[in-house]
Amino acid sequence: MKNSEIAEVFENIAGLLELKGEIPFKIRAYQKAARTIEHHPVELSKLVEESGTEALREIPGIGEAISKKILELLDTGKLKYYEELKSEFPEGIIRLMDVPGIGPKTAMRASKELGINTVEELEKAILDGRLASLPRMGEKTAENILRHIRTMKTKDQRIPLGQVLPVVDDIIAELRQRTDIRSIEPAGSLRRFRETIGDIDLMGTSDDPEGTIRAFTQLPQVVDVLVMGPKKASVVLRDGLQVDLRIVEDDAYGALIQYFTGSKQHNVVLREWARRRGLSLSEYGITNLSTGEVERFATEEEFYKRLGLQLIPPEIREGGVEVELAEKGAIPRFVEVKDIRGDLHVHTKESDGQNSLEEMAVAARDRGYEYIAITEHSPGLGIARGLSEERLRSQIAKIEELNRKLKSIRILVGTEVDIRADGSLDYPDELLGELDVVVAAVHSSMNQERAKITARVIKAMSNPHVDILAHPSCRLIGEREPVDIDMEAVFKAALETHTAMEINGQPQRLDLKDIHIQRAKDLGVPLVVSTDAHSIAQLNLMRLGVATARRGWCEARHILNTRPLRELLEFCGRNG
DNA sequence: GCCGTTTTCGGCCCGACTGTTTTCAGTCG
């Protein structure tokens, strides 16, 4: 049983306990365990297999009772406690609580008194006025719930990060132009670079909050203003995205951005931690519980510092071990975009890219890179104008010529060679041997069963010419599920065959994903961060790839393309 | 149900909003 499935069971148990009216702390314990398991970098089945059943207890938030339940789930695929709990309630009732505005109390009353157990039945009961007749319910509440049901139906809940970033950049640029806003930055899951985003949260400081808020609600891309007060507004953009802007006073900025960056779980852990030390945290500052005195903070750094903690990078604020480590000063400096010395996966016009070879190389040079690998598709990918052997040979010649011309950057001859269904590669070994960098990737037969696709990919990695496995899971966020591959086996093969795993910065890919990156890093698997750019502009996706690496706790030393050219070529088995 | 530089028992994050109530329950982030 996978971690995500185990987490779902505990999430559901928490929901059922809420309906039952259990004490909130028990409910929170299950919720916390679910979150922790969901973000755990190692499959618990592997963990138990390799380190024994006791290893579960080491995970924070997992004690005796929950570890027993995990073992039962791993052994039998079922959990007696969960089955019994489910049987106490009508089927499907916890889904009612997915509707904003419906909590456990309302869900129970609706079910008991009105026989409502699905969202459809709920909608009907609102329309014929039955819901409003319940105690503490009224016309207005019912109407709001109905509105939420309708938006749930039309709106995709979460949007891929990459779609949101350019929108945010635009808004920030316009606000800077039109108002006297001083600092402005995103908070929330956007600042943490989660792979999908719900709403956009922006925070800033300004001498004229009201004027700034007004200008914000009047931006051309705004179609609807939901809330507008003196310090805060919520608007809806043309594409349906909701954006909140909050203007705060300078000396409150630190505590507020900390609070709104989250994650929720991180804040809970941080507040529990502070409470044990006699401090109470809120979005306004830090209260000393014995004196009642409140301290305010202009920056987040000061806020964490007052708690005796390192500044915790937003990317890892998930409510795991980060607070504990920050206390010991044990959070390392994570990789940054400026550490990256080159991009190892880009396309040009020759295959399915938009810019010429020289344009890409010059753009890379202008970014300050030392090297860039041109990695076109191979012939098997006809749809992407994959290069025939002859065309690849002629590209090698062109690159050699360009290398003589452009002095300050080294263009590496590469390929993104297709891994065929049987694990063989789409170019002969002899030709692959002439290249500086060989990136291999799966682009077809993605629904092969687990054992088959795992063996296929490992076979390709075992080819001595292959240096990097690109987008290992092949997922497209919100569009295509990852292939069913044994990632742990792939990582072990990577160690044996000296193959690097790619962290692909394309917004719909972000592949490897955060928890796999963390696991690969812990195992010592070499990693690269690449953009898979199909245009000059996409070279900027490096920031997404790097943020994803940071979510996997990577330092520069874990990332191959932070190394100088000579070391990189050594890894690839070339001598420069 | 979890956890321990106050505790192996008795705590457990904090504040705001909304609509329904006449002082607050329920929900949310």
Side-chain angles (χ1 to χ4, degrees), chain A residues 10-11 13-37 56-70 81-82 85 96-110 131-145 147-148 187-189 192 198-201 203 226-227 229 231-232 234 242 244 246 252 255-287 289-290 294 307-308 317 319 323-324 327-328:
Chain A
F10 289 132
E11 193 62 53
I13 289 175
L16 292 165
L17 292 178
E18 275 194 290
L19 290 169
K20 207 172 170 174
E22 263 288 358
I23 53 162
F25 307 111
K26 191 167 171 178
I27 295 164
R28 271 204 8 227
Y30 277 105
Q31 284 170 338
K32 190 178 172 188
R35 292 281 141 69
T36 307
I37 293 166
L56 290 175
R57 300 286 300 273
E58 315 259 307
I59 302 172
I62 294 180
E64 193 184 346
I66 291 186
S67 87
K68 266 194 193 147
K69 291 188 172 71
I70 294 172
Y81 174 73
Y82 178 44
L85 198 57
L96 284 183
M97 291 192 291
D98 293 342
V99 179
I102 302 277
K105 307 285 176 190
T106 314
M108 271 317 266
R109 277 203 204 110
L131 192 75
S133 69
L134 291 177
R136 286 215 151 264
M137 272 288 151
E139 286 293 323
K140 227 165 178 177
T141 312
E143 223 173 82
N144 282 336
I145 291 169
R147 223 183 48 227
H148 282 129
S189 46
R192 305 199 314 279
D199 298 337
I200 299 172
D201 286 312
M203 305 225 351
L226 299 175
V227 183
K231 290 179 173 179
K232 186 204 143 158
S234 295
Q242 185 181 324
D244 295 353
R246 214 173 290 266
L256 209 64
I257 184 117
Q258 193 287 321
Y259 172 73
F260 280 104
T261 298
S263 66
K264 191 179 163 172
Q265 190 62 34
H266 172 79
N267 286 350
V268 169
V269 169
L270 194 66
R271 286 170 176 198
E272 281 173 350
W273 186 91
R275 186 138 261 266
R276 289 199 292 274
R277 284 153 186 82
L279 300 170
S280 167
L281 313 183
S282 81
E283 54 266 51
Y284 301 107
I286 299 178
T287 309
L289 286 172
S290 48
V294 184
L307 295 172
R317 294 184 197 168
V323 174
E324 221 176 290
E327 185 187 9
K328 298 183 201 142

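Given the structure is predicted, the values throughout are model-derived calculations rather than measurements. In what follows, chains are A, B, ... by sequence order, proteins preceding strands, each numbered from 1.
When the P atom of B/dC3 is taken as reference, atom CD of A/Glu58 falls 11 Å away, rounded to whole Å. Straight-line distance from the CG atom of A/Leu85 to the P atom of B/dG1: 11 Å, rounded to whole Å.
Side-chain N/O atoms of A/Asn267 include none lying less than 4.0 angstrom from OP1 or OP2 on B/dC14. Phosphate contact (OP1/OP2 of B/dC14, side-chain N/O of A/Ser280, threshold under 4.0 Å): present. Taking only side-chain nitrogens and oxygens, A/Lys69 comes nearer than 4.0 Å to OP1 or OP2 of B/dG1.
Side chain of A/Thr261 to backbone of A/Ile257: a donor-acceptor contact under 3.5 angstrom is found. Not one N or O on the side chain of A/Asp201 forms a donor-acceptor pair closer than 3.5 Å with the backbone of A/Asp244.
Residue-level contact check: A/Glu139 touches the backbone only, with heavy atoms under 4.0 Å from sugar-phosphate atoms and none from bases.
A salt bridge links A/Lys68 to A/Glu64: at least one charged side-chain nitrogen sits closer than 4.0 Å to a carboxylate oxygen.
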Pull out every protein N or O sitting under 3.5 Å from an N or O of nucleotides 5-12 of chain B, one pair per line with the distance.
unit_1: B/dC12; atom_1: OP1; unit_2: A/Arg275; atom_2: NH1; d: 3.2

Within the 4.0 Å limit for protein heavy atoms, which parts of nucleotides 21-29 of chain B are touched? Write it as a string from 5' to 3', B for base, S for sugar-phosphate only, - for none. ---BBSSSB
Per-pair distances, 0.1 Å, donor-acceptor, side chain in residues 24-31 of chain A, under 3.5 Å, sequence neighbours excluded:
unit_1: A/Lys26; atom_1: NZ; unit_2: A/Glu22; atom_2: OE2; d: 3.2
unit_1: A/Arg28; atom_1: NH2; unit_2: A/Glu272; atom_2: OE2; d: 2.5
unit_1: A/Tyr30; atom_1: OH; unit_2: A/Lys69; atom_2: NZ; d: 3.3

